[in-house]
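Quick note: residue numbers are just sequence positions, from 1.
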Amino acid sequence: MVREIRKLLTGIRTRQRLVRGVQWMVRGAVVGAACGVAIEVARMSGASVDYSTVWFAVLASTLIAGAIGWLLPVSWTSTAHLVDTHYRMKDSTASALDFASRKVTEPLMQLQIANTIQGLQQVDPRAVLPFRTPKLMPALVGLCALLIALPFVPKEQTAAPEIDLLVQQVVNDQATTLDETMVEELRELAEETQEPELQELVEEIEKLVESMKSPEVDEREALAKLSEMQQNLAEALNQFNAEKTDAELKELAAALESAESMQAIAEALKDGKYEKAAEQLEKIDASTMTRKEREAVAANLKKFRENLGEGKQGELSESAQEMQEGLEKDNPSQCKSGQCKAAGVCKKQGLKKSIANCLNCQLNRLSECKSQCQAQCQGGAVKKSTQDSNKVGQAASNKPLGEEASKLDSTRREESITGVQGEGSSERETTQSPEGEQDAALSYKARYTEFRKQMEEVIDSEPLPLGHRETVRKYFESIRPANSDVTE
């Protein structure tokens, strides 16, 4: 009996879920349209949002709300109450549904169930639950109309920030200079040394330099990219820090200088000429050393290894141990093996030093490029310092070359003195000749060229403040030989 009653109520129950699903879809559409309006306003304000995202929000919200409204369960009791309310049956359908679900029914209950089943056969679902326009439909129509109209609203034309052509030219010139100098030198160094860290560094630097050439890059972005290059170079420089090994090789030099045949090696190690020291270590023959020299060098090598400590046992310590044992046992081949290992350490150290020097040079070049870029982008108007200070500042030095030379102009009078030559001997002295002036000029030009090269090497390799480097360059420019073709 229960199944029969429910079968007759199925059409109304289905329509009940359908009407509720439509109502929920309208509610979801309203919420989605409100979100779409907010997204469109943000897009009009400059947010990088695609216009299709607006309608996607509306559609997604509508479908999700409609699916929830349709899938939520509907009780049979509520459906029965709808029928009773519409046909004014005074809860007959609900009572019959309740009676039919009981195990034992009385004759009166069975009569009620039979009358209800007969009445339900005439029920029209569309009459019980007619479709009405949802209350939120006007709000939905208004929001959708607003969404359609918003794209046609005239926007305030905000002019894109113009990049000063002078700034763009300066940045592009600096990027080209870095590409032709720093990037090229680093690329050659990476190919020569085959160091993977350097190759990765070159790729990163190349990308940053190339991005500086973009027309959209302004002064701030250019300085930021230069700072990033400096950071990358500084991190790479830390990986090739060779100060610790330098100190250990100098201690090894002190241990080897006891033998006369190894003094040249010791001097090369002390002077940091590691390539030369490596060549001599591979060539020297321990058999040419006297017994006294072998014992002295072996004792010094033992002390050298003890000073290194247990935590510093590496390739250099192993090479010193082999040389020590070879000298103590008078085994030239074992000593030669230790010398070759030490030569390998020297070669690696020389390579690290050359890489570190190159990276230091590029760091200085970047600092100077950054300073020039900032100064030229600002029109070169660097404020001069008017106060004395021992610190390195950003202002220009007031008089980097000292005070101007004092003028020694005075009232001059040229007179020709004549006399009468008498008897006796006479002397003549030439104080200046064209040939002497030419020799002096050539000597001055040669000395200037020599010291100019030394100055450039120091400026490239030493971490001097930018202001000091500029002062030195101005000084050399002020003493440059006149009408000369000295190459810079």
Side-chain angles (χ1 to χ4, degrees), residues 185 188-199 236-361 461:
E185 291 178 9
E188 293 177 359
L189 184 63
E191 292 176 355
E192 180 182 352
T193 60
Q194 295 297 320
E195 288 285 343
E197 294 85 356
L198 273 182
Q199 293 174 355
L237 184 59
N238 290 333
Q239 296 179 3
F240 296 99
N241 187 9
E243 294 181 358
K244 175 184 173 182
T245 310
D246 276 344
E248 293 176 354
L249 288 175
K250 287 182 179 179
E251 293 180 7
L252 179 62
L256 297 178
E257 63 183 357
S258 301
E260 183 177 355
S261 58
M262 291 190 173
Q263 287 183 356
I265 300 174
E267 290 296 329
L269 290 175
K270 289 180 179 179
D271 295 340
K273 300 176 181 178
Y274 299 118
E275 292 291 336
K276 181 179 179 181
E279 293 178 3
Q280 294 179 353
L281 276 169
E282 292 175 346
K283 292 179 181 179
I284 196 168
D285 187 1
S287 60
T288 60
M289 299 170 57
T290 63
R291 184 175 61 84
K292 185 177 181 181
E293 288 177 339
R294 290 198 299 272
E295 291 177 354
V297 173
N300 290 338
L301 289 174
K302 184 177 181 180
K303 292 180 181 179
F304 167 71
R305 292 180 54 246
E306 291 174 352
N307 291 335
L308 288 179
E310 296 182 358
K312 300 180 181 179
Q313 300 298 325
E315 191 175 359
L316 186 59
S317 176
E318 292 176 2
S319 63
Q321 183 177 3
E322 284 196 30
M323 284 192 288
Q324 174 194 342
E325 293 176 354
L327 291 172
E328 290 175 346
K329 299 175 182 178
D330 195 11
N331 187 346
S333 60
Q334 186 178 9
C335 185
K336 187 72 173 179
S337 175
Q339 291 172 196
C340 291
K341 288 184 178 180
V345 175
C346 290
K347 290 179 180 178
K348 292 180 182 178
Q349 183 66 6
L351 181 61
K352 284 186 177 181
K353 292 288 287 185
S354 63
I355 293 175
N357 290 337
C358 180
L359 293 179
N360 263 323
C361 174
S461 60

> Given side chains that start at C-beta, do those of L256 and V297 come closer than 4.5 Å, heavy atoms only?
yes
> Suppose the criterion is salt bridge (charged side-chain N to carboxylate O under 4.0 Å, His left out): which pairs have a residue in residues 255-275, not counting sequence neighbours?
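For residues 255-275, and leaving out neighbouring residues, the salt bridge (charged side-chain N to carboxylate O under 4.0 Å, His left out) pairs sorted by first residue read E257-K270.
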> Please name all residues satisfying side chain to side chain contact (heavy atoms under 4.5 Å, CB included) with E188, sequence neighbours left out, ordered by chain then number.
E184
> I need the full list of salt bridge (charged side-chain N to carboxylate O under 4.0 Å, His left out) pairs touching residues 332-350, with sequence neighbours left out, sorted by first then second residue.
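Pairs touching residues 332-350 that pass the test: E282-K347, E315-K348, E322-K341.
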> With N331, which residues qualify under side-chain hydrogen bond (donor to acceptor under 3.5 Å, both in side chains), at least two apart?
S333
> Once salt bridge (Lys or Arg N to Asp or Glu O under 4.0 Å) is applied, do any residues pair with E295, and if so which ones, sequence neighbours excluded?
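So E295 forms a salt bridge (Lys or Arg N to Asp or Glu O under 4.0 Å) with R291.
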> If you take all heavy atoms of M323 and C335, which pair is closest and at what distance?
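Smallest heavy-atom distance, with atoms named: CG-O, 3.7 Å.
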> Considering non-hydrogen atoms only, spot the tightest contact between I265 and Q280 and give its length.
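Taking I265 first and Q280 second, the nearest heavy atoms are N-OE1, 3.3 Å.
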> Quick one: salt bridge (Lys or Arg N to Asp or Glu O under 4.0 Å) partners of K276, sequence neighbours excluded?
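So K276 forms no salt bridge (Lys or Arg N to Asp or Glu O under 4.0 Å) with any residue.
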> Where is the tightest heavy-atom contact between A320 and L301, given as atom of each residue plus distance?
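Smallest heavy-atom distance, with atoms named: O-CD1, 3.9 Å.
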> To the nearest 0.5 angstrom, please state how far the CD atom of Q324 sits from the CD atom of E328.
4.5 Å
> If you measure from CD on E251 to CG on L269, what distance do you get to the nearest 0.5 Å?
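Interatomic distance, E251 CD to L269 CG, rounded to 0.5 Å: 12.0 Å.
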> Taking all heavy atoms of Q339 and all of I284, pick out the closest pair and write down the distance.
NE2-CG2, 3.0 Å
> Within the 4.5 Å heavy-atom criterion, are L281 and C340 side-chain neighbours or not?
no
> Give me the atom names and distance for the closest heavy-atom approach of L249 to C346.
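For L249 and C346, the tightest heavy-atom pair comes out as CD2-SG, 4.2 Å.
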> Would you say R294 and D330 make side-chain contact, with heavy atoms under 4.5 Å?
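A side-chain contact exists here, since the closest heavy-atom pair is under 4.5 Å.
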> Taking all non-hydrogen atoms of both residues into account, name the closest pair between M289 and A259 and its distance.
CE-CB, 3.6 Å
> Find the distance between NZ (K303) and CD (E306) and round it off to the nearest 0.5 Å.
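It comes to 8.5 Å.
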